[in-house]
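Heads up: the structure comes next, in structure tokens.
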Amino acid sequence: MNSHIPYAKQVISQEDIKGVIKTLKSDFLTQGKKTVDFEKKLTQYTKSKFAVSLNSATSALQLSYLSLGLEKDDLILTSPISFVATTNAALHCGAKVDFIDIDNTFCIDVDKLESNLKIRKKNNQLLPKIVIPVHLGGFSCRMKEINYLSKKYNFKVVEDASHAIGGTYNNHKIGSCKYSDLTVFSFHPVKIITTGEGGAVLTNKNYLYKKILSMRSHGIIRNKNSSKKFWLYKQKNIGWNYRMNDIQASLGITQLKKINNFIKIRKDIAHYYYKELKDLPLKFQYINKKTQPSWHLFVIQVDQEIRDKLFYFLKSRNIQSNLHYIPIYKHPYYKSNYKKKSKFDYSEKYYSSSISLPMHAGLKKTQQKKIIRVLKEFFKKN
Ligand SMILES: Cc1ncc(COP(=O)(O)O)c(C=O)c1O
């Protein structure tokens with residue numbers, strides 16, 4: 001068997017297809033009941049009070065920041081090992097971006113965050129308006145400590161949980177917003193569940209929910225109780241069309257039904273990798289004891305000298321691997337617009353030594369065995 005093994009891929013069932021077709025045959029393709037139903041199911045699943053479905057996690061991040069009042073010359077802090085959307089959304093608000101290094105959890109190093117905040121305060125420097133912990137690969141950041149720091153240094157917390165729906169932290173589902181103001185999910189096809197493209201924001205705060213709801217659709221509020229002037233609507237703020245449509249939401253509803261099974265399959269895949277790769281010279285992501293990951297990514301770290309060689313070796317055997325992510329400050333746009341003040345040793349090490357192996361709920365045992373075989377073969381030669 002020599003067919004291509006993708007690093008990630010959606011799993012679509014007959015139930016998903018049926019649900020989408022039913023919506024296509026219905027009266028509403030957008031702004032119907034499906035998005036409302038999907039949002040309700042997201043709140044039931046995560047035990048958060050409110051959910052707003054959106055057309056991507058990127059727009060979900062932007063509206064989250066705006067709802068918290070992020071504006072020109074404010075500051076956000078996050079880790080450099082993330083997708084550029086995390087920080088781009090802040091730049092769109094006119095804010096400044098700075099980074100805190102990661103640690104062996106591949107998530108923000110909370111001790112370094114604390115010392116950075118301490119120094120800023122001591123030197124009367126700008127403190128962040130928002131800190132964005134990124135749950136890389138679906139492994140939760142140390143949210144309790146971040147929450148504590150948010151009170152001490154007066155900042156808001158937006159969890160970039162694009163990878164993490166289905167995971168838990170301290171026995172709370174990620175998305176419960178137990179330790180944050182807002183949480184963002186992505187439903188891009190490589191994520192845990194998909195709506196094609198799509199995202200959502202979850203919160204327990206009514207005023208943030210209302211702001212995001214309004215900004216999602218041009219800043220327009222419709223008065224549902226006004227039976228006389230049924231045609232009336234008012235634009236009260238400035239907004240966008242960032243809506244999820246009903247076709248996407250109907251896919252989200254049936255995907256969400258399967259999430260626990262998806263996570264179980266991913267967990268089994270991860271444990272099989274751990275078991276079979278334990279004797280190879282590799283390092284794995286450290287799992288903090290309070291988290292049950294969603295197992296979005298399976299990252300291995302190898303000696304920097306052989307990392308690229310391993311990429312190509314896997315590719316030559318039709319195995320697609322990937323790198324999540326290039327440190328954001330290394331992108332040309334950030335190189336010319338962001339002045340790097342710290343060294344980010346761990347992020348640099350991560351960048352030069354990491355590889356994401358194939359990990360998705362559709363990965364077959366035979367495919368995983370092949371990946372393991374090829375890895376063993378590589379290390380025998382190198
Ligand atoms: C950490 C992180 N944040 C944000 C995003 C943006 O998600 P979307 O593609 O749904 O806009 C991604 C997508 O890969 C991501 O990995």
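Quantities reported herein were computed from a predicted structural model and do not represent experimental measurements. Note: hydrogens, waters and symmetry copies are ignored here, and every other heavy atom, side chains too, is used. In this chain, residues are counted from 1 in sequence order.
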Test item: side-chain donor near acceptor, [X] and [Y], under 3.5 Å:
| X | Y | value |
| --- | --- | --- |
| Lys178 | Asn170 | no |
| Ser162 | Ser186 | no |
| Thr195 | Gln248 | no |
| Gln62 | Tyr242 | yes |
| Ser356 | Asn322 | no |
| Glu197 | His188 | no |

Charged N-O contact under 4.0 Å between [X] and [Y]:
| X | Y | answer |
| --- | --- | --- |
| Asp246 | Lys34 | no |
| Glu114 | Arg120 | no |
| Asp268 | Lys365 | no |
| Lys258 | Asp16 | yes |
| Lys330 | Glu348 | yes |
| Glu377 | Lys381 | yes |
| Asp74 | Lys96 | no |
| Arg142 | Asp111 | yes |

Would you indicate whether the side-chain heavy atoms of [Y] and [X] approach each other to under 4.5 Å?
| X | Y | answer |
| --- | --- | --- |
| Leu24 | Leu29 | yes |
| Arg266 | Leu363 | no |
| Asn206 | Leu208 | no |
| Leu149 | Leu113 | yes |
| Leu66 | Trp240 | yes |
| His360 | Pro6 | yes |
| Ile372 | Tyr272 | yes |
| Phe28 | Asn245 | no |

Criterion side-chain hydrogen bond (donor to acceptor under 3.5 Å, both in side chains) on Gln304 and Ser353, from CA distance to verdict: CA-CA 5 Å; Gln304 300 178 14; Ser353 63; 5.5 Å; no
Intermediate values then yes/no, side-chain contact (heavy atoms from CB on, under 4.5 Å), Asn382 and Asp303: CA-CA 10 Å; Asn382 291 276; Asp303 197 299; over 6 Å; no
Test applied, ring pair (Phe, Tyr, Trp, His ring centres under 6.0 Å); reference residue, Phe139; option that passes from Phe106, Phe298, Tyr286, Trp295: Trp295
Side-chain donor or acceptor of [X] paired with backbone N/O of [Y] under 3.5 Å:
| X | Y | answer |
| --- | --- | --- |
| Arg307 | Ser354 | yes |
| Ser64 | Ala60 | yes |
| Thr78 | Ile132 | yes |
| Tyr329 | Phe99 | no |
| Lys370 | Arg317 | yes |
| Gln255 | Thr194 | yes |
| Ser56 | Ser59 | yes |
| Arg243 | Ser217 | no |
| Asn204 | Lys49 | yes |
| Gln367 | Lys364 | yes |

Working for side-chain contact (heavy atoms from CB on, under 4.5 Å), residues Tyr179 and Tyr148: CA-CA 9 Å; Tyr179 304 101; Tyr148 167 80; over 6 Å; no
Look at the side-chain heavy atoms of Ile, Leu, Val, Met, Phe, Trp and Tyr, link any pair under 4.5 Å apart, and say whether [X] and [Y] land in one connected group.
| X | Y | result |
| --- | --- | --- |
| Ile81 | Phe83 | yes |
| Phe38 | Ile165 | yes |
| Ile21 | Val11 | no |
| Tyr273 | Val299 | no |
| Leu323 | Val134 | no |

Lys349 to Tyr346 six-membered ring, cation-pi geometry met (6.0 Å, 45°): yes
Minimum heavy-atom distance Ile146-Val157, with the two atoms named: CG2-CG2, 4.1 Å
Is [X] atom [atom1] crowded by more than 12 heavy atoms from other residues, nucleotides or ligands, each under 6.0 Å away?
| X | atom1 | result |
| --- | --- | --- |
| Tyr312 | OH | no |
| Gln292 | CD | no |
| Asn154 | CG | no |
| Asn123 | CG | yes |

Trace of the side-chain hydrogen bond (donor to acceptor under 3.5 Å, both in side chains) decision for Thr87 with Tyr334: CA-CA 10 Å; Thr87 48; Tyr334 282 83; 2.8 Å; yes
Residues Lys264, Asn260; criterion side-chain hydrogen bond (donor to acceptor under 3.5 Å, both in side chains); working and verdict: CA-CA 6 Å; Lys264 186 185 174 305; Asn260 291 344; over 6 Å; no
Check against side-chain contact (heavy atoms from CB on, under 4.5 Å), Ile220 and Asn237: CA-CA 7 Å; Ile220 288 172; Asn237 299 299; over 6 Å; no
Aromatic ring pairing His324/Tyr7, orientation class (parallel under 30°, perpendicular over 60°, tilted between): tilted
Working for side-chain hydrogen bond (donor to acceptor under 3.5 Å, both in side chains), residues Asn288 and Thr105: CA-CA 7 Å; Asn288 84 56; Thr105 64; 6.0 Å; no
Separation of Ile192 CD1 from His163 NE2 (nearest 0.5 Å): 9.0 Å
Worked verdict on Asn88 versus Ile328 for side-chain contact (heavy atoms from CB on, under 4.5 Å): CA-CA 10 Å; Asn88 283 352; Ile328 294 176; 5.9 Å; no
Matching residue for Ile12 among Gln10, Glu15, Lys9, Gln14 - test: side-chain contact (heavy atoms from CB on, under 4.5 Å): Gln10
From Leu202, Leu182, Leu42, Val201, residue fulfilling side-chain contact (heavy atoms from CB on, under 4.5 Å) relative to Ser48: Leu202
